[in-house]
Number of protein chains: 2
Amino acid sequence: MLKYQAIANEIKQFIEDNDLQQGHKLPVLESLMSQFKASKSTIINALDLLEKKGDVYQVRGSGIFVRRHRRKGYINLLSNQGFKKDLDNFQITSEVIELDVRKPNSEVADSLNIHIHDDVYYVKRIRYINGKTLCLEESFFNKAIVTYLNKEIVSESIFNYIQEGLGLKIGFSDLYIHVDKLTAEEGKYLGLNEGVPKLFAETIFHLTNGQPFDFSKVTYNYEQSHFFIQENLHD
Amino acid sequence: MLKYQAIANEIKQFIEDNDLQQGHKLPVLESLMSQFKASKSTIINALDLLEKKGDVYQVRGSGIFVRRHRRKGYINLLSNQGFKKDLDNFQITSEVIELDVRKPNSEVADSLNIHIHDDVYYVKRIRYINGKTLCLEESFFNKAIVTYLNKEIVSESIFNYIQEGLGLKIGFSDLYIHVDKLTAEEGKYLGLNEGVPKLFAETIFHLTNGQPFDFSKVTYNYEQSHFFIQENLHD
DNA sequence: AAGTGGTCTAGACCACACA
DNA sequence: GTGTGGTCTAGACCACTTA
């Protein structure tokens, strides 16, 4: 664990342990430097990390403040897939519908930057939140990277296994969303009527070295789909 | 303009001018240091900025690469509101429906962190993309911060005026979205039937000092609502 | 082993907020 | 004016990739 990550974690923990609210002022830079025995740059690195994650905001000439506006019941759109953290207050479970190795069609092959005669793991599952259907998810994993999957792994957190079990490093993702009407088949899985609204998301996940390893298509139950995103607008 | 921002801009320009594609390798750090006559940290600062914006990805031990996967017709969800940049390929216009000064209800007052007897500017407008209705937008601006608005300003880019005209610095935003069915009234404005899907977004925009200045409710026409989001998953 | 990006430090200097 | 965060530098050392 890097020093600036460790410091960031400690500060975040401090905020949670003391239940500090939006706008609460944190100790000044110099205090943090001596408290953590680190140079200015390292502290700033830690704070920038927290700022990126939406936990603090820094005001030049004034101080470092807690950022903590979140509506209850809203899921973080940018870290709900495959990750359990940030879903503390939600109980997420999965039901596996299909799991096999197959050849990709051209859209999938293109997204994963492979050929149509290469193998992919195909996973289809329904995810539940607090006992209700959250989404229908179809994922395609490049088998050359994600070399092995089984039903047990797939019913838990796939991403956790990819990181811990396979030792792969997840880097970045491209997420595409739009809204549409639910098809009859999707409705069957989600327990909803045909024609009601849906949120449809396609995501390409890449390793830190830029290789795409997972292409996912997710259809969300609109009744459970309340998301929040925290953004930083300045440079 | 700060040095690292200027360098980031130049690199981005270089990518666009040469139409470099995803995965293209950029010059190594040392080259960039001498080319821009800057220290290592400054170059890394510039690259981190570009990485945050989704324009490059850095691979330790390997190089710096162009990130440029974008689907045509998809709007960047995180920088479409009020901002013209990043909307190069789209023609966005606005029709102002209402503009007045009023007292906020408790929800608005709460979101803007003001009292219900304080004044807010209320703006209701329809935004068009390439001639079609994109969304119906209702915005509430804290009048103590956004001291003046008129019809002309409001039919152009409000955020541009806030930054350039009023000299305010926009910091961060909290965005909440969900999917639902369109009401009859919303349908009237968007030219759609009651009951069809909609994407509904509420956003609280803050200045760099943490003060909320704008609370917006936006109902998107689902036919035009194709969004992308680029995310970095590592620390 | 060589190449390349990342972390960390100490310190000078700058920009902004607030009283 | 004082306090506080931000930028920038030079350089040592570390971690990962590639061949």
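Just so we're on the same page: letters track the sequence lines, and every chain starts at 1.
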* More than 12 foreign heavy atoms under 6.0 Å from CD of B/E30: is that the case here? -> no
* Asked: Hey, is A/D55 close enough to A/K53 for a salt bridge, meaning N to O under 4.0 Å?
  -> no
* Structure fact -> Of B/Q5 and A/G63, the one whose nearest nucleotide on DNA chain D sits closer to the 5' end is A/G63
* What nucleotide, of D/dT9, D/dT7, C/dT4, holds the atom closest to the side chain of B/V28? -> C/dT4
* Which nucleotide in C/dC8, D/dC8, C/dG6 has an atom nearest any side-chain atom of A/Y4 -> C/dC8
* On the 0 to 90° scale, with breaks at 30° and 60°, tag the A/Y57-B/F172 ring pair as parallel, tilted or perpendicular. => tilted
* **Nucleotide paired to C/dA19 in any strand shown, Watson-Crick or G-U, under 3.5 Å** => none
* Structure fact -> Among D/dG5, C/dG6, D/dC8, the one nearest any side-chain atom of A/S41 is D/dC8
* Check: B/K40 side chain, D/dG11 base, donor-acceptor under 3.5 Å -> no
* Asked: Below 4.0 angstrom, N of the basic side chain to O of the carboxylate: do B/R68 and B/D19 qualify?
  -> yes
* B/S62 side-chain proximity, nearest of D/dC13, D/dT17, D/dG6 -> D/dT17
* Verify the contact: side-chain N or O of A/K3 to OP1 or OP2 of C/dT9, cut-off strictly under 4.0 Å; return yes or no. => yes
